[in-house]
Amino acid sequence: MKAGLTTREPEMLARWEHAGLYRQIQDARRDAPLFVLHDGPPFANGDVHMGTALNKVLKDFIVKSRTMLGFRAPFVPGWDCHGLPIEFKVVKESRGLSPVEIRQRSEEYARKFIAIQRRQFRRLGVFGDWEHPYLTLDPSYEAEIIRTFGRLVEKGLVYRGKKPVLWSTGAQTALAEAEVEYAQRTDPAIYVKFPLVSGTGALEGAALVIWTTTPWTLPANVAIAVDARAEYVVGDFGGTTLVVARALLEAFAAETGLALTGEIAVLKGEDLQGLQAQHPFLPRTARVITADFVTMETGTGQVHIAPGHGKDDYIAGQQNGLPTLSPVDDYGKLTEDCGMPQWTGKYVFAVNKEIVEFLRENGSLLAAQDYTHDYPHCWRSKTPVVFRAVEQFFIRVDDLRAGALEAVDTAVWIPHWGRNRIAGTVESRPDWCISRQRTWGVPLPVFYDVSGAPILDPAVVEKVAVLVAAHGTNLWFAKDDAWWASELGLPPGTSRRNDTLDVWIDSGVSHEAVLRKRPELAFPADVYLEATDQHRGWFQSSLMTSVAMNGCAPYRTVITHGFVVDKDGQKISKSAEYKKPTHAEHFVDQYGADILRLWVSSVNYTDEVPFGEEVFKQVAERYRGFRNVLRILLANLSGFSGGDLSGATGIDRWVLSRLQEVIAKCRAAYEAYDFRAVFETLNQFCAVDLSAIYVDITKDRMYCDAADSPRRRATQTVMQACFDAVTRLLAPILVFTADEAWEFAGRAGSVHLETFPEPDAAWRDEALEKQVEEWLKLRGVVYQQAIEPARQAKTIAKPLEARITLQVPADQIARLEEAKNELEEFFIVSEVHFVPGPEVAASLAKSPHAGCARCWRFLPSVGQIAAQADLCDRCAEAVTAIAECADGDMGTPSPHQPIAD
RNA sequence: GGGCCUGUAGCUCAGUUGGUUAGAGCAUGCGCUUGAUAAGCGCAGGGUCACUGGUUCGAGCCCAGUCAGGCCCA
């Protein structure tokens, strides 16, 4: 059967595609109320991983179940195509490519993986408009990205500022983290005095001391950071009054030879906050600020802050309103802004030495050593990297924050704590830097006039959008400044740069580019569903752009799922040491897509989601349970052409009643996106109510009653209802198996065109359900106390050989006697007698009667009919009836044809 | 280090507003059946509810802390 799935599923897939099943479903729901699940685009890179599969299958559960709940639920899959990981791979493969070439190859790369992932998603049984996905590299999509930027400009939400980036002075380009490699190099480590110019008492005449390994950043110094809670000593160090963190006094003495000779005062870092200290060579002061990244590992506990030359420095600068200075050019040479003419034009790593000498001469230098450390280098030019502030464009998040927080509360967050998570990130996020110095992306549509000032004009941006919609963004890279200037009616001399937009803008505007553009969709979406990392990612970028443009959230409900973890609860590492399979294809090839889907339905997706071989083996067992139940129902229904419930017994009505509950529970669970509850409910119903109880008990009548006996027909009617409902309810999960069963049952069309069954209150019978619960308790006693011991003792082999004596409280006997025949069937024994007693107890005797050759029950009627001496009265009658209307030998029941194996 | 979250049998999960000996399915063991048979049925074993304190007549459920794990920041 396992082997069956992996070959049968692709066959069914081919049939679906040939028949255009997705189209059929959409057509069938043409006038139904709309339900939009908007696909968050996966990155077009790599194979479909278990996490991606989990995400897509959950989405498919929603789309299919809403469809079966009566909605029109289109699914337009998408891919995120731009971005560094692709560009990086392309550039790594072959160097020296022009931007146009990089973009060509990046697109090829993205399209290759879109094709691969699309095949893998389809293989999972995910329905959608796979022929027309949305791609962020489509010219029409790119144009929407550019238009959105224009709208943001129009609303005054975009500004230009400086921010430090990793910069390769060898390649004159910004680098991403991934493009940096670490190598050892030796730099001067220096201790520098900053005399205090404010401060009274003990601090009068004292100097702060910083430690740095990048002397060339001193011209950009604007502050000194201390740890607010740490203790600092103001003391005499061989004639000069210095401030040093207490924790570093010893190390300071060892490194500089300056030992504390007299303690003047002790202060907390926070007491130093706000003081001004004289810059060692520039006519300005550095302000003392506090920062939580100050450590007591090296230095003095006082950190030189140059916001233009470090990430921490920049953040601290933003928080304290400090200017971002960065007097370094593209080649790593100091510019005249450094304020020291003798250093201007010199390479920063060369000028270090001169700076140190200068400090030594002017008395600011307390000590200098060579310091060897791991330092980032450009992976391409191998030159040491600098942090350098460059012009960037930002979105004013402060102007959006209040609106975004309000919008958060208009959406439903599943699980509910998702609300806190996104609110937290929205509250704390700084302005959004939307420019990147990359090639594989949508160009930042900004021009510069001859003086170098940016032209931020929505009308110009719109013109760019129109050109891009027609020709794609390659145009930006293929044409020169003069072409663009003339095309857009800008003055000659207008130039443009090679910045691209942050890829979070790409996917973050999908509500504009997809929800509003596709005729079959609508804004806002009913549901967004992604992993929890997207609270900071797509959920937030989409929220910000939508609040900016629409003043509301782009979604009504946001569902998040956890990450997949292996069965030990460890995260699935992408590193080389992690050897276990993590690709969906591995599990699909081994077990089948339906089993992968059943796995998704069986876990609590709001937590971390465990998987692994053991988990899959277990799920595969459960799959067999479902499959076998469908099979036996189909087998029992073979030749059945409709009937009624006139011959129904208690157990039939009980199953029918239970079925109504199952239907109601499953529908409610699907509505609440609680697929695990669907799984549990159907599993319980199939494994226990149907397999262990109903089907087992009714075997006797299915095999031995006359084919058209009212009792048998009633049972088939009930089984028909069970099969029909279970197959439909299972369809969103076991997409292939359910449709296969539907086909075997002779139904026209796909089960995926159907709707879910609706519970019929008329069939609910809670009194009966209670009664059967009591019977089940009695059955437990019968098996525990009578049948099981007798089997172990080899008194009997099968329960039908047993005559049970059941002791029950006297007041219950009359009621039980009434149901005596049903209880014999229910216990699957030949005879039951009731005797009064203080408590429920069961005992057993081997039946004194002969066994019927046909139904295997031991009954007094066996042998009473001379013509059929080995049969009981019921079987004799059934055989006679068969003989009258048929010619074949039907004395024993024919095994039903195995169906759907 | 900070924010959000998770931790119940070997596995996946239930455990209603705190209230009797904590449940299910699967897996395991033993047995039965051989008319669901690369199936089916029965019985059994298995949990100091992560740990430690606290509130309460009573806590898997409430509170605090610890440990372990996840995501996002730093």
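All values below come from the heavy atoms of this structure, side chains included, with hydrogens, waters and symmetry mates left out. Only a predicted model underlies this, so the values are computations on that prediction, with no experimental measurement involved.
- As rounded to the nearest Å, C51(B) and C26(B) have C1' atoms that lie 29 Å from one another.
- The aromatic rings of W742(A) and F723(A) lie parallel to each other, with less than 30° between the two planes, well short of the 60° mark.
- Residue ring and nucleobase are stacked for W856(A) and G35(B), with a centre distance beneath 5.5 angstrom and an angle between planes beneath 30°.
- Across all strands shown, G47(B) forms no Watson-Crick or G-U wobble pair with both distances under 3.5 Å.
- Within the structure, every side-chain polar atom (N or O) of K699(A) is placed at least 4.0 Å from both OP1 and OP2 of G35(B).
- Using P as the reference atom, C4(B) and G65(B) are 12 Å apart when rounded to the nearest Å.
- Between R779(A) and G42(B) there is a side-chain polar atom (N or O) within less than 4.0 angstrom of OP1 or OP2.
- Heavy atoms of R536(A) sit under 4.0 angstrom from primed sugar atoms or phosphate atoms, though from no base atom.
- Rounded to an integer number of Å, the gap from I693(A) CD1 to G40(B) C1' is 14 Å.
- Of all nucleotides present, only G70(B) satisfies the Watson-Crick or G-U wobble test against C4(B), with each distance under 3.5 Å.
- Residue K798(A) has a polar side-chain atom (N or O) positioned under 4.0 Å from OP1 or OP2 of U34(B).
- Using a 4.0 Å heavy-atom cutoff across all strands shown, Q684(A) reaches sugar-phosphate atoms only and no base atom.
- Residue R622(A) is in sugar-phosphate contact alone, with no base atom involved, counting any heavy-atom pair closer than 4.0 Å across all strands shown.
- Between C13(B) and G7(B), the distance separating the two C1' atoms is 14 Å to the nearest Å.
- OP1 or OP2 of U37(B) lies within a sub-4.0 Å distance of a side-chain N or O belonging to R631(A).
- Taking 4.0 angstrom as the limit, Q784(A) places a side-chain polar atom (N or O) nearer than this to OP1 or OP2 of A44(B).
- As the counterpart of U20(B), no nucleotide is assigned, since no Watson-Crick or G-U wobble pattern has both distances under 3.5 Å.
- Nearer the 5' end of RNA chain B, as judged by each residue's closest nucleotide, is the contact made by E801(A), out of E801(A) and T425(A).
- Taking 3.5 Å as the limit, the base of G31(B) and the side chain of Q792(A) contain no donor-acceptor pair of atoms between them.
- Residue S602(A) is the one, among S602(A) and R791(A), whose nearest nucleotide of RNA chain B lies closer to the 5' end (criterion: closest heavy atom).
- Comparing G35(B), G42(B), G69(B) by their nearest atom to the side chain of E788(A) picks out G42(B).
- Checking C41(B) for Watson-Crick or G-U wobble geometry (two distances, each under 3.5 Å) identifies G31(B) as its partner.
- Nucleotide C61(B) has no partner under the Watson-Crick or G-U criteria, as no pair reaches both atom distances under 3.5 Å.
- Checking the phosphate oxygens (OP1, OP2) of C41(B), a side-chain nitrogen or oxygen of S691(A) falls inside 4.0 Å.
- For the P atoms, the distance from C11(B) to G54(B) is 31 Å, rounded to whole Å.
- Two rings, from Y555(A) and W413(A), have their centers less than 6.0 Å apart.
- When the C1' atom is compared between U55(B) and G10(B), the two are found 36 Å apart, to the nearest whole Å.
- A distance of about 16 Å separates the P atoms of C41(B) and G35(B), rounded to the whole Å.
- Proximity of Q534(A) to Y528(A): side-chain heavy atoms (C-beta onward) are nowhere separated by under 4.5 Å.
- A side-chain donor-acceptor contact under 3.5 Å links W432(A) and D502(A).
- Look at the C1' atom in both C61(B) and U56(B): the space between them is 13 Å, to the nearest Å.
- Contact check, Y623(A) against C26(B): no side-chain N or O comes under 4.0 Å of OP1 or OP2.
- Residue-to-nucleotide contacts include a donor-acceptor pair under 3.5 Å from the side chain of Q618(A) to the base of C11(B).
- Separating the C1' atom of G58(B) from that of A50(B) is a span of 23 Å, rounded to the nearest Å.
- Distance, F827(A) CZ to C41(B) P: 18 Å, rounded to whole Å.
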